[in-house]
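Nothing here was measured: the structure is a model prediction, and the numbers come from that model.
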Protein chains: 2
Amino acid sequence: MTVEFKHQPTVTLAEVADAAGVGESTVSRVLRNYGSFSEKTRDRVMAAVERLGYVPNRIAGTLASTGSRLVAFVIPSLSNIVFPDVLRGASAILEESGYQAVFSVTDYDSQREEALAAAMLAWRPAAVMLAGYEHTDGTLKILRASGCRIVELLDLDGAALDLAVGFSNLAAGRVSAEFLLRRGYRRIGYVGHDLNRDTRAGKRFSGFCATLGAGDAPLADREILAGASSVENGRLGLERLLARTPDLDAVYFSNDDMALGGYFHCLARGISIPSQLAIFGYNGLDIGRAMPQPLSTIRTPRVATGKIAAQLVVTNAPPQVVDLGFELIEGATA
Amino acid sequence: MTVEFKHQPTVTLAEVADAAGVGESTVSRVLRNYGSFSEKTRDRVMAAVERLGYVPNRIAGTLASTGSRLVAFVIPSLSNIVFPDVLRGASAILEESGYQAVFSVTDYDSQREEALAAAMLAWRPAAVMLAGYEHTDGTLKILRASGCRIVELLDLDGAALDLAVGFSNLAAGRVSAEFLLRRGYRRIGYVGHDLNRDTRAGKRFSGFCATLGAGDAPLADREILAGASSVENGRLGLERLLARTPDLDAVYFSNDDMALGGYFHCLARGISIPSQLAIFGYNGLDIGRAMPQPLSTIRTPRVATGKIAAQLVVTNAPPQVVDLGFELIEGATA
DNA sequence: ACCAAAAATGGCAGCGCTGCCATTCTGTTT
DNA sequence: AAACAGAATGGCAGCGCTGCCATTTTTGGT
């Protein structure tokens with residue numbers, strides 16, 4: 001047997017107006033603190049709101065007015081801490097501006113991205129925030145046709161549609177390689193996760209390899225694991241890489257999680273860091289700082305990316321690309 | 001100078017109806033695959049939809065019909081991986097059922113929780129999902145008055161308002177203590193983060209202490225750090241705890257992040273685990289499994305909690321409490 | 001006390017859909 | 001061929017607000 005849950009009769013703006021003895025528009029003005037109304041009226045209205053427990057209906061409000069205060073996020077993953085960090089930064093700004101965040105997870109699947117982007121547009125958001133520049137033609141088409149703001153996050157290596165906030169992954173890869181070369185490492189390997197799906201990791205890898213090549217120390221070997229990045233995959237990847245190419249003196253990981261796995265592998269095998277093997281990550285997670293030897297990595301402005309992106313949207317800024325850069329953390333593992 | 005961004009004239013259902021040469025209701029029926037219409041009509045409508053690039057307006061649809069397909073999450077944090085995990089589980093289910101997730105972050109502040117809950121209700125969601133049972137009277141009042149489904153997550157130690165999905169934190173604390181006692185530890189300490197804000201951690205601690213007391217090995221010492229849980233705080237906390245009470249033989253951490261910090265501290269100081277000091281965490285993160293010595297901890301059903309919660313909402317299940325339990329991971333650190 | 005300007009307020013048409021009801025087709029059945 | 005049950009379809013009110021405009025009240029200056 002199915003139990004029925006009735007929605008209680010909801011209080012409407014008209015009822016508040018009646019209760020306060022004023023017109024609907026007046027209530028609307030008071031609640032939005034817009035236009036003019038007297039002190040006395042405001043108090044009467046607020047009293048009625050309080051008494052009736054009125055909660056404005058933003059669905060109706062949005063339909064009646066132009067443009068909603070929803071901001072849609074279409075993100076690849078929630079497991080990769082990068083995206084919760086971006087959401088965190090953005091939601092802080094959005095909440096204080098009366099915006100509401102809605103999200104969907106694509107799981108790094110561009111087909112899903114297209115479907116989800118369409119689904120989100122049905123809510124007529126003020127803006128859609130996406131990770132990176134790689135989107136299907138279909139996604140691009142519906143986004144452009146939607147007329148809402150488009151924000152591409154965490155990737156600046158491409159042509160922005162409207163707004164873009166982040167940094168260059170290509171440059172991050174290059175800087176990482178330069179650092180390792182500067183430190184004198186020459187037999188350098190790479191351990192990464194699925195690059196076809198995570199195109200930003202792919203760009204870092206490209207930048208890294210290009211710089212190594214130019215530095216006369218081309219990548220010695222690589223181990224790329226299927227599946228998402230994880231500590232366990234980092235551990236496993238390094239194990240395999242070293243089994244195949246034992247004489248490496250440094251390894252670049254697709255991110256800090258993977259690097260931590262590598263670090264654990266070294267601990268377990270008694271490989272001393274960095275004298276026997278140097279380890280370099282990407283992201284600059286807190287965890288890296290708490291390690292016995294702080295992780296050498298690149299710190300990325302994840303929370304700031306979310307904040308700036310949100311700010312651009314709420315201020316309706318003109319199309320632009322904001323490069324927030326990144327920071328090299330020398331650490332003690334390379 | 002401010003640049004203006006005009007929303008392009010949006011295609012409406014009425015325009016699709018005209019283009020297809022049918023009535024509005026017919027288009028509506030076809031798009032929702034509801035009621036009856038002929039094959040031929042369906043094709044004509046879909047062709048028009050395609051041609052015009054029509055995207056249904058869910059704002060209007062929601063206003064016109066009863067009940068939205070929005071599900072609101074009011075979560076304490078996005079830094080604590082627990083909540084992204086819950087969101088991940090839930091969004092997978094919601095997306096396939098045509099629901100949309102919206103969220104706000106309270107930052108463990110119950111005052112903010114109240115404000116955000118009210119803000120979310122303005123979107124007339126089908127359900128509101130909250131962490132735990134501790135809410136202000138104001139929050140409870142508006143939630144109950146809203147008439148929408150309420151789901152309390154990750155905490156079963158209290159009286160549910162409507163739906164509740166998770167497990168008992170009290171029991172998790174007890175089981176952890178029992179395990180340590182069984183292994184013969186008697187000088188047991190605790191390192192935790194702010195318990196007043198994270199009431200679930202507080203409940204675990206209570207359960208833990210109660211069991212220790214009953215086992216004739218009352219908590220020897222504790223170190224509670226202000227601020228959120230983090231690897232660094234775990235490291236610091238253990239350092240302080242041991243400085244004060246060096247003869248501990250086991251330490252219970254408020255979660256795996258903190259425990260990992262403690263682990264790092266031991267590594268750095270050459271404290272051997274578990275012979276000199278045992279370490280026990282909470283959450284069962286992946287990282288614990290990849291450590292050279294797998295972390296002894298409790299694995300919690302975070303993703304499952306999200307999934308089940310979402311399922312209950314989309315199926316409009318009657319009020320109930322679903323206990324998903326947790327799993328003791330013996331590991332090698334205790 | 002009078003008038004213009006400004007402030008305060010109310011009325012009401014939509015926003016784009018859905019849900020209900022009436023109507024018009026079908027294809028059977030007798 | 002008439003009668004009828006369904007299937008297929010269209011019309012239109014109304015969801016709860018906002019935005020526009022008209023109207024009323026107040027204010028300030030003379």
Measuring from B:Leu87:CG to A:Phe103:CZ, what's the distance to the nearest 0.5 Å? 4.5 Å

B/S/- contact track for nucleotides 16-27 of chain D, protein heavy atom under 4.0 Å: BBSB--------

Check every strand shown and say whether A:Ser38 touches a base, only sugar-phosphate, or nothing at a heavy-atom separation below 4.0 Å. sugar-phosphate

Per A:Thr41 side chain, nearest of listed nucleotides D:dT9, D:dG10, C:dT9: C:dT9

I need the CZ-P distance between B:Arg42 and D:dT9, as an integer number of Å. 11 Å

Which atom pair, heavy atoms only, marks the closest approach of B:Ile93 to B:Ala310? CB-CB, 3.6 Å

Are a donor atom and an acceptor atom from the side chains of B:Arg149 and B:Asn316 found within less than 3.5 Å of each other? yes

Interatomic spacing from CG in A:Leu153 to OH in A:Tyr133 - rounded to 0.5 Å: 9.5 Å

Salt bridge check: are A:Arg200 and A:Glu134 linked by an N-O gap of less than 4.0 Å? no

